[in-house]
Amino acid sequence: MSQLSFSTRVQELARLAQDGVQNRFAAIDEIAEENSRKVLAAFQAHRVAEACFAGTTGYGYDDLGRDTLDRIYADIFETEDALVRIQFVNGTHAISSCLYGVLEPGDVLLSAVGAPYDTIHGVIGISGDYPLSLKRYGVEYREVPISRENTPDRVRLAEMAADPKVKAVLIQRSKGYSTRASLSVAEIGALIETVKAVNSAAVCIVDNCYGEFVERTEPSQVGADLVVGSLIKNPGGGLAPTGGYICGRKELVERASFRLTVPGIGRECGSTLGNNRALYQGLFLAPHTVAQALKTAVFSAKIMELLGYETEPRSDQIRHDIIQMISLNTPDGVERFCRGIQAGSPVDSFVTPVPWDMPGYDVPVIMAAGAFIQGASIELSADAPMRPPYTVYLQGGLTYESGKTGILLAVEELLRG
């Protein structure tokens, strides 16, 4: 039987790294336990039963499992309503449904923390000039630059949000491919407070991707009108095969549902095709699975710091999403690290990742991802735009044990350079 093994140096680095992060691991476990109780309570309150796992076909009318899951998400996120659907192809699709549902011609969309994630640029019309973009639809886009300290600029946000034409403010929790720190729920709450103080009618939409269950609370509990994410990231627990969710004010969720399907039908249609069990079980496991990904990220930060690399966040910092930035400084370093992560995957471990022109990005991107669910960022993966400062973005790890193995293989690959 084949066995993965590591050099003496890497084994010693692993021991030092793991010994150095036990306090952070304990804190992560405490949050996971609290969030697990929250999810369990919601399941019990909504009387989840075997009948909820049956799927529907065709129109999907009267899907008990689908509709109950909506109520469970609304309960967990403490919102009036929720829309959880496998028909969302990714997080970008779910966010876009919110934007198109809220904004009308002549309105202004304001991004609160610099430019949003690359894949939403085409939707807005920042790049690509695609037919049916918000820009083509008559929606103007503006953004609040990040401050010189690489943090949100609340003073400038207040100035720009005060314009009554601003009807939606997009707040991206995760850093995306920028170098700023990801936002805490408290920081998001402060941004929302800033917006509402000068423009109470503006709808605050939080892109919550990579952040669910990392903290004890969610952005919807600090004033967000809509909170949006992908099921193949945190809340799907590694089991959801596709889909996304929207939680928030009832009338806004309904408007988003009209963009997902069509006005007048909205949430009433959308068959689940036998996927309900995976969505329920994935959500049930999500707090624990997120904790495994966080431990993998903390361990990776610590071992890379021992090797002299810069990380963000650092291994001793409190985290607000599952993403770990590691500055590898050279294209070769990025490719070596990604090769090691790919070699530690349970699927396609024999594949060599190379940079390619990925749709939605303006530079070649390298992506290591040997996942059971294609593109599932809650599974161990690493990706990087091939541009200075050659920073890799690591996320996921269904189990800490397997995630740690992938990190050690990446370190071995770097040390061979």
Side-chain angles (χ1 to χ4, degrees), residues 39 52-60 63-70 72-74 76-77 82-101 117-120 122-123 174 207-213 226-247 253 256-257 259-262 265-287 289-290 293 321-322 345-348 358-360 367 369-381 383 395-398:
V39 172
C52 293
F53 306 147
T56 50
T57 59
Y59 297 136
D63 190 312
L64 174 65
R66 182 196 64 199
D67 296 342
T68 301
L69 191 60
D70 286 346
I72 289 172
Y73 265 77
I76 291 169
F77 283 81
L83 184 73
V84 186
R85 294 293 182 274
I86 62 170
Q87 284 76 21
F88 286 119
V89 301
N90 54 23
T92 298
H93 183 194
I95 296 164
S96 300
S97 295
C98 292
L99 296 177
Y100 280 104
Y117 193 66
D118 299 55
T119 55
I120 205 77
V123 175
S174 187
D207 172 0
N208 205 30
C209 287
Y210 304 103
E212 299 91 350
F213 301 120
L226 289 170
V227 176
V228 197
S230 166
L231 297 188
I232 64 170
K233 295 182 175 68
N234 299 19
L239 293 182
T242 187
Y245 74 90
I246 299 170
C247 297
V253 173
S257 77
R259 292 302 308 192
L260 173 61
T261 59
V262 296
I265 291 179
R267 70 192 309 148
E268 300 303 323
C269 284
S271 55
T272 50
L273 305 173
N275 287 293
N276 280 342
R277 186 185 301 274
L279 302 191
Y280 275 87
Q281 194 168 9
L283 176 61
F284 180 73
L285 292 173
T289 305
V290 168
D321 66 5
I322 63 170
S345 302
V347 181
D348 290 333
M358 194 172 177
M367 183 168 289
F372 293 101
I373 305 295
Q374 186 183 81
S377 301
I378 193 60
E379 301 187 51
L380 184 66
S381 59
D383 49 277
Q395 56 270 317
L398 292 177

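In terms of the side chain to side chain contact (heavy atoms under 4.5 Å, CB included) criterion, residue partners of Thr289 (sequence neighbours excluded) are, by chain and number, Leu285, Ile378, Leu398. A search for side chain to side chain contact (heavy atoms under 4.5 Å, CB included) contacts involving Asp63 returns Thr56, Arg66, Thr272, Asn276, not counting sequence neighbours. Every residue meeting the ring pair (Phe, Tyr, Trp, His ring centres under 6.0 Å) condition with Tyr280, not counting sequence neighbours, appears here in chain and number order: Phe43, Phe53. Legend: residues meeting side chain to side chain donor-acceptor pair (under 3.5 Å) with Asn275, ordered by chain and number and at least two apart, are absent. Residues meeting the side chain to side chain contact (heavy atoms under 4.5 Å, CB included) test with Ala74, sequence neighbours left out: Thr79, Ala82. Under the side chain to side chain donor-acceptor pair (under 3.5 Å) criterion, Ser271 pairs with no residue at all, not counting sequence neighbours. For Tyr59, the ring pair (Phe, Tyr, Trp, His ring centres under 6.0 Å) criterion is met by Tyr61, not counting sequence neighbours. Residues forming a side chain to side chain contact (heavy atoms under 4.5 Å, CB included) with Arg267 (at least two apart in sequence, or on another chain): Asp70, Asp81, Leu83, Arg85, Val253, Ser257. Checked against side chain to side chain donor-acceptor pair (under 3.5 Å), Asp321 has the following partners two or more places apart in sequence or in another chain: Ser174, Ser182. With sequence neighbours excluded, no residue forms a side chain to side chain donor-acceptor pair (under 3.5 Å) with Glu379.
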Can you list, pair by pair, the side-chain donor-acceptor contacts under 3.5 Å of residues 227-240, counting residues two or more places apart and other chains?
from: Ser230; atom 1: OG; to: Ile232; atom 2: N; distance (Å): 3.2
from: Asn234; atom 1: ND2; to: Tyr210; atom 2: O; distance (Å): 3.0
from: Asn234; atom 1: ND2; to: Glu212; atom 2: O; distance (Å): 2.9

Notebook entry, point to check: Going through the checks in order, is the side chain to side chain contact (heavy atoms under 4.5 Å, CB included) test met by Leu69 and Leu283?
Noted result: CA-CA 10 Å; Leu69 191 60; Leu283 176 61; 4.0 Å; yes
Next item on the list: Could you check Ile95 against Tyr117 for side chain to side chain contact (heavy atoms under 4.5 Å, CB included), going step by step and ending with a plain yes or no?
Entry: CA-CA 11 Å; Ile95 296 164; Tyr117 193 66; over 6 Å; no
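Here the straight-line distance linking atom CG of Leu380 with atom OG of Ser345 works out to 6.0 Å at 0.5 Å rounding. A distance of 8.0 Å separates CG in Asn90 from OG in Ser96, rounded to the nearest 0.5 Å. From Ile322, atom CD1 reaches atom SG of Cys209 across 10.0 Å, with rounding to the nearest 0.5 Å. Separating the CZ atom in Phe284 from the CD1 atom in Ile72 is a distance of 11.5 Å, to the nearest 0.5 Å.
Tyr73 and Tyr245 have tilted rings, their planes meeting at an angle from 30° to 60° on a 0 to 90° scale.
Between Ile246 and Phe88 there is a side-chain heavy-atom pair separated by less than 4.5 Å. Contact of the Gln374 side chain with the Thr242 side chain is not registered, since no non-hydrogen atoms from C-beta on lie closer than 4.5 Å.
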